[in-house]
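Naming: A, B, ... by sequence-line order, numbering from 1 per chain.
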There are 4 protein chains.
Amino acid sequence: MTGRPRDPAVDDAIRQATLQLIEEQGYKGVSMEGIAARSGVSKQAIYRRYAGKGEVILDALATFAKTRLPTPDTGDLREDLLALLEETFAGQRGINGVLNRALAAEALQDESFTALLNERLISHRRDAVREILGHARERGEVSHPSDDLLIDLVFGPMWYALLLDTSKLTDAYAAALTDAVVAVARTP
Amino acid sequence: MTGRPRDPAVDDAIRQATLQLIEEQGYKGVSMEGIAARSGVSKQAIYRRYAGKGEVILDALATFAKTRLPTPDTGDLREDLLALLEETFAGQRGINGVLNRALAAEALQDESFTALLNERLISHRRDAVREILGHARERGEVSHPSDDLLIDLVFGPMWYALLLDTSKLTDAYAAALTDAVVAVARTP
Amino acid sequence: MTGRPRDPAVDDAIRQATLQLIEEQGYKGVSMEGIAARSGVSKQAIYRRYAGKGEVILDALATFAKTRLPTPDTGDLREDLLALLEETFAGQRGINGVLNRALAAEALQDESFTALLNERLISHRRDAVREILGHARERGEVSHPSDDLLIDLVFGPMWYALLLDTSKLTDAYAAALTDAVVAVARTP
Amino acid sequence: MTGRPRDPAVDDAIRQATLQLIEEQGYKGVSMEGIAARSGVSKQAIYRRYAGKGEVILDALATFAKTRLPTPDTGDLREDLLALLEETFAGQRGINGVLNRALAAEALQDESFTALLNERLISHRRDAVREILGHARERGEVSHPSDDLLIDLVFGPMWYALLLDTSKLTDAYAAALTDAVVAVARTP
DNA sequence: TGTTAAGCGAGACGGTACGTCGTGTCTTACA
DNA sequence: TGTAAGACACGACGTACCGTCTCGCTTAACA
């Protein structure tokens with residue numbers, strides 16, 4: 001019932017090849033076949049682990065993001081939010097952004113992958129902001145009734161920028177967006 | 001030098017087949033081959049008109065959206081914005097939303113298509129909001145320095161919802177989002 | 001140096017699964033993987049015993065044919081030959097024929113298997129006829145100079161029928177063929 | 001309704017690549033993928049023409065055998081038969097024999113291909129012998145009641161040799177076999 | 001009575017080939 | 001020149017077997 005255990009070196013090879021390919025050629029240049037070729041791993045070995053391209057990419061991303069998002073708690077909503085956004089946006093400017101674009105593309109093509117994406121990535125990010133808002137709410141800094149809307153105001157523009165123009169995600173943009181979100185949070 | 005003029009019936013057939021397919025099967029079910037088969041048009045006839053799938057979809061969308069976006073001018077920012085968002089969101093709940101998802105998918109795969117999408121669709125929508133903001137600014141209703149950020153706050157969450165959960169785009173959500181944007185607009 | 005002895009139940013399971021599969025699905029439906037699955041035996045256990053699919057089938061056939069071919073000696077060439085052919089042909093009409101087809105397919109794909117097939121199956125059958133001919137020759141019933149050609153006249157048509165139309169191998173066909181061979185045998 | 005006509009150069013390329021591969025590597029070395037690669041033709045182009053490997057090989061063989069089998073009519077059964085067998089056997093000693101082996105392998109794996117093989121190859125060969133026998137029968141040289149058995153006596157040993165030992169198909173063997181068949185033909 | 005060498009089920013692994021699908025280009029005949 | 005039809009090279013898909021290779025466990029015979 002046990003059988004030969006999966007070789008962790010294979011996992012690594014897949015992840016690494018995926019990252020390389022997506023970095024070199026973008027989402028279009030990533031194919032299961034290509035990953036297999038680049039990693040020197042058989043296609044079966046990949047399909048044994050993942051149901052499709054989306055999952056491979058999602059897992060490759062986890063290489064970076066495996067560490068939980070830090071949720072600063074400085075006692076000031078604006079400061080906490082700004083720290084989180086700057087870090088998150090900074091991530092999106094490199095490979096990370098390309099990966100996120102790829103994940104979005106995949107989710108748009110395969111409804112069932114959307115759920116997985118949500119569960120593994122989106123929800124964690126949302127929770128981080130929700131936590132920050134929770135602390136601020138305790139301090140009376142948040143009058144707005146809905147956390148969800150505030151979170152949408154944070155991540156909506158980010159994905160929008162990922163879709164249209166990744167270079168927009170500067171620290172300045174993070175600051176401007178933070179200010180806007182804080183303003184809404186103070187509105188009852 | 002002129003030769004046979006293009007048959008307008010072919011244009012229609014392409015658009016209609018595209019809409020049918022995307023309605024029935026979503027983005028994944030749409031292929032140039034499928035469109036040709038469904039419409040009874042040769043692939044060549046399609047490629048003569050469009051450079052790729054993205055353009056076909058973009059043009060098919062124009063069937064609905066060909067009418068310029070109405071930019072209400074009631075003298076009240078909140079009212080104008082709400083009217084625009086309710087109408088826009090309403091559109092996204094049907095085929096229109098699927099089309100927009102398809103366009104996003106296409107843009108994520110082909111950088112050069114992003115520019116076209118921007119030019120033909122995104123920018124028009126942004127201009128509509130910009131116009132509303134312009135009027136409100138004249139009336140002193142807008143203190144926020146950047147129109148662009150306010151516009152991002154409008155459309156970011158919309159695309160975010162298109163990516164994750166189209167059903168979210170209700171009138172209630174339009175109202176909540178409008179309130180938030182208005183609040184930011186009033187912040188200097 | 002001794003280790004665990006091979007489990008005879010495994011041998012049986014392999015043979016039985018092979019026979020089942022070949023009976024149910026013909027040669028195309030037989031795979032090492034399938035045999036392992038059906039028999040509940042590991043692939044390794046099969047490869048430990050056999051070098052390839054051909055050998056497995058050859059051994060499975062031996063389940064039936066393990067008894068040496070009976071070489072009747074009635075004192076009459078025609079009678080001896082007819083008895084042998086009727087029995088041999090009768091065998092080819094069932095699973096046995098499918099097995100023989102499979103062996104032929106294997107031999108055609110792998111030259112080195114041809115030798116094995118010859119050694120384990122073909123040569124025994126030829127020897128049986130050779131023996132009958134030897135007795136007849138002693139009695140002066142055979143004038144033809146070459147046993148080998150006579151034997152080819154017996155088995156050539158049989159394999160030819162296995163290739164093209166197994167149902168041809170009736171008792172009537174055995175009789176007609178016997179008469180022909182006897183006629184040739186009498187020719188100097 | 002017309003469409004682009006099939007490129008005859010593609011047909012040629014497929015046939016030629018098939019022959020090359022089968023000559024170089026035998027039946028085992030022939031794959032649809034290999035043929036496509038060697039010929040510089042897409043797999044689709046092959047599958048558009050043939051239902052499977054068997055048909056490709058069968059058609060490649062037709063390159064040689066397209067000329068109808070010559071059915072000599074010298075007025076002597078033995079002479080006619082010998083000429084036909086010598087020529088046929090001579091063909092089997094080269095690539096032609098490998099092709100025939102391949103066809104047999106294919107037929108053994110796919111029942112439905114057997115019918116095609118019969119129709120396109122086997123039956124023509126049988127007809128050639130049948131014609132020779134017909135002439136001889138008119139001259140009173142044939143007393144045996146069944147043409148079919150006589151034909152089996154000709155081709156049975158040939159395929160048997162193709163299966164086991166192609167080198168056996170010498171002129172001497174053709175002569176010995178002819179003598180045997182003639183002897184049977186004279187038997188009532 | 002342990003020790004030890006092989007057998008065993010399970011299943012991962014690198015390969016090779018399968019047959020299908022979609023892309024964008026091309027080549028016909030016809031209009 | 002436009003058009004429908006359809007061939008074409010290319011590249012990817014997901015699946016099936018191949019024969020080999022670990023694993024952890026079982027099963028004798030030898031020490």
Considering heavy-atom distances to DNA chain F, does A:Tyr47 or B:Ala45 have its closest nucleotide positioned more toward the 5' end? B:Ala45
Residue [X], side-chain atoms from C-beta onward, closest of [options]:
X: A:Pro5; options: E:dC13, F:dA9, F:dC23; answer: F:dC23
X: A:Gln44; options: F:dC18, E:dG15, F:dC10; answer: E:dG15
X: D:Ser42; options: F:dC18, F:dC10, E:dG14; answer: F:dC10
X: B:Glu33; options: E:dC18, F:dG6, E:dT23; answer: E:dT23

Once you apply a heavy-atom cut-off of 4.0 Å, does [X] come out as touching a base, just sugar-phosphate, or nothing?
X: B:Gly40; result: sugar-phosphate
X: D:Lys43; result: base
X: D:Lys28; result: nothing

Step through the shown structure and confirm whether more than 12 heavy atoms of other residues, nucleotides or ligands are within 6.0 Å of CD on D:Glu55. yes
CD/A:Gln16: more than 12 non-hydrogen atoms of other groups inside 6.0 Å: no
Looking at C:Arg49, does any N or O in its side chain come under 4.0 Å of the phosphate oxygens OP1/OP2 on E:dA6? no
Just how far, in rounded Å, is [atom2] of [N] from [atom1] of [X]?
X: C:Asp11; N: E:dG9; atom1: CG; atom2: C1'; value: 16 Å
X: B:Lys53; N: E:dG24; atom1: NZ; atom2: C1'; value: 13 Å
X: B:Asp110; N: E:dT23; atom1: CG; atom2: C1'; value: 13 Å
X: A:Ile46; N: E:dG15; atom1: CD1; atom2: P; value: 12 Å
X: C:Gln25; N: F:dA16; atom1: CD; atom2: P; value: 13 Å
X: A:Tyr27; N: F:dA12; atom1: OH; atom2: C1'; value: 12 Å
X: A:Arg48; N: E:dA12; atom1: CZ; atom2: C1'; value: 5 Å
X: C:Arg6; N: E:dA5; atom1: CZ; atom2: C1'; value: 14 Å

Pick the nucleotide of DNA chain E nearest each of A:Val41 and B:Val30; which residue has the one closer to the 5' end? A:Val41
Would you mind telling me which residue lines up with the more 5' stretch of DNA chain E, D:Met32 or A:Ser39, judged by nearest nucleotide? A:Ser39
When rounded to the nearest 0.5 angstrom, what distance separates CD1 in C:Ile95 from OG1 in C:Thr18? 12.0 Å
To the nearest 0.5 Å, tell me how far C:Met32 CE sits from C:Lys43 NZ. 8.5 Å
Below 3.5 Å, does any donor atom in the side chain of C:Arg4 face an acceptor in the base of E:dA6, or the other way round? no
Please determine which of C:Arg120, C:Arg15, C:Arg49 meets the side-chain hydrogen bond (donor to acceptor under 3.5 Å, both in side chains) test together with C:Asp59. C:Arg15
